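This report refers to the structure that appears directly beneath it.
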Amino acid sequence: MILAAEYDNRARVPEHPAIIAGWKADAEAFRRKAGGAIDLAYGAGARNVVDVFHPDKPSSGPLVVFIHGGYWRMFDKSSFSQMAAGAVGQGLDVAVPSYSLCPAVGVTDIIAEMRQCCLFLWTRFQRRLVVVGHSAGGHLAACLAATRWEDYGAPADLISAGMAISGVFDLRPLLVTPYNDDLKLDAATALAASPIAWPSPRVLPFDICVGADESAEFIRQSRSLSAAWRGLGLSAPCTEIAGENHFSVVNALADPESGLSLRIVELASRK
């Protein structure tokens, strides 16, 4: 099936096992060096835990939240600690959460868990949040940016800015892919979990990035959210990053001097 191939990132990037192994090794090395608060419980589930990493000097700005990917079906925070390194190196605090995975839960349950995590971070640190996510995490970052936080007893501007890297924002195409064996979406739940179809989010800056070497569908997904949200008055530029595929594109977050890390600093400094 054409759509199935468009969403099969592992088949498109044969070197993905080495990249994923590198993530885990780099994450372990960063944790040993950075320390931080590890395994803070934000909910009752076994995977409802979050690590928070701090810069050398205290920061009073927004707290950055990095949300990992894995098609809502795999990975946890332990393979992505290093994605905090760029922002931490630029003087920002960064939280890296885990969440429950499909098929044990549904995608809408994961959205609810990430909202719970944000509320926990707000209660604990009293700081606005900049949400950043890769792949499925990019989808979750968009969901958080589009959430009406006043409905949850939090400030309406709890999320001050965001960035989605290689996200999926309309889940309906996944209905005809093998991933749906675990996601268990139907037409109604796929639409309900698609932030591109939600009511207008609060106006805020939200960057959308995708590797230029990714599939046509992943590029379309990013362009489509950018067009939709810019049409609603948001600053939501779409940037296609040359030479990067679905797996390599996120590695820039580990480098304090990368364009993505510097852009997160800009987003965090917005008033």
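Note that the structure is a prediction, hence the values are computed from the model and not measured.
- Ion pair Arg127/Asp93 flagged as a salt bridge, since at least one NZ, NE, NH1 or NH2 atom sits closer than 4.0 Å to an Asp/Glu carboxylate oxygen.
- Atom CD of Glu6 sits about 12.0 Å away from atom CG of Leu174, to the nearest 0.5 Å.
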* Asked: Hey, mind stepping through Phe66 and His134 against ring pair (Phe, Tyr, Trp, His ring centres under 6.0 Å) and telling me if it holds?
  -> CA-CA 8 Å; Phe66 174 77; His134 171 240; 7.4 Å; no

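- Contact between Ile159 and Leu204 at its shortest, heavy atoms only, is O-CD1, 3.5 Å.
- Taking CD1 of Ile219 as the reference point, atom OG of Ser166 lies at 9.0 Å (rounded to 0.5 Å).
- Hydrophobic clustering (ILVMFWY, side-chain heavy atoms < 4.5 Å, transitive): Leu185 and Leu140 are in one cluster.
- Relative ring orientation between Phe80 and Phe75 is described as perpendicular, the plane-to-plane angle rising above 60° on a 0-90° scale split at 30° and 60°.
- Heavy atoms from other residues, nucleotides or ligands lying under 6.0 Å from CG of Asp181 number more than 12.
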* Any chance you could lay out the salt bridge (Lys or Arg N to Asp or Glu O under 4.0 Å) test for Asp157 and Arg202, step after step, and finish with the verdict? => CA-CA 8 Å; Asp157 62 347; Arg202 188 182 65 83; 5.5 Å; no

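- Separation of the Tyr7 and Tyr179 ring centroids does not fall under the 6.0 Å cut-off.
- Both Met163 and Val94 are part of a single hydrophobic cluster, where members link through side-chain heavy atoms under 4.5 Å apart.
- The distance from the CD1 atom of Ile20 to the CE atom of Met74 is 8.0 Å, given to the nearest 0.5 Å.
- Pairing each heavy atom of Lys24 with each of Ser78, the nearest pair is NZ-OG, 4.0 Å.
- Contact record, Pro256 with Gln90: O-NE2, 2.8 Å, taken as the closest heavy-atom pair.
- Between His246 and Phe218, the distance separating the two ring centers is shorter than 6.0 angstrom.
- Using a 4.0 Å cut-off between charged nitrogen and carboxylate oxygen, Arg223 and Glu240 count as a salt-bridge pair.
- Side chains of His16 and Asn9 form no contact here, defined as non-hydrogen atoms less than 4.5 Å apart.
- Side-chain heavy atoms closer than 4.5 Å link hydrophobic residues (I, L, V, M, F, W, Y) into clusters, and following such links, possibly through other members, connects Leu183 to Ile111.
- One hydrophobic cluster, built from ILVMFWY side chains closer than 4.5 Å, holds both Phe169 and Leu144.
- Side-chain polar atoms of Ser100 and Arg47 form no donor-acceptor pair below 3.5 angstrom.
- Side-chain heavy atoms closer than 4.5 Å link hydrophobic residues (I, L, V, M, F, W, Y) into clusters, and following such links, possibly through other members, connects Phe53 to Val132.
- The pair Asp39-Lys77 meets the salt-bridge criterion, with a side-chain N (NZ, NE, NH1 or NH2) lying under 4.0 Å from an Asp/Glu carboxylate O.
- Put simply, the side chain of Val107 reaches to within 4.5 Å of the side chain of Cys102, judged on heavy atoms.
- Interatomic distance, OG of Ser235 versus CZ of Arg230, reported as 9.5 Å (0.5 Å rounding).
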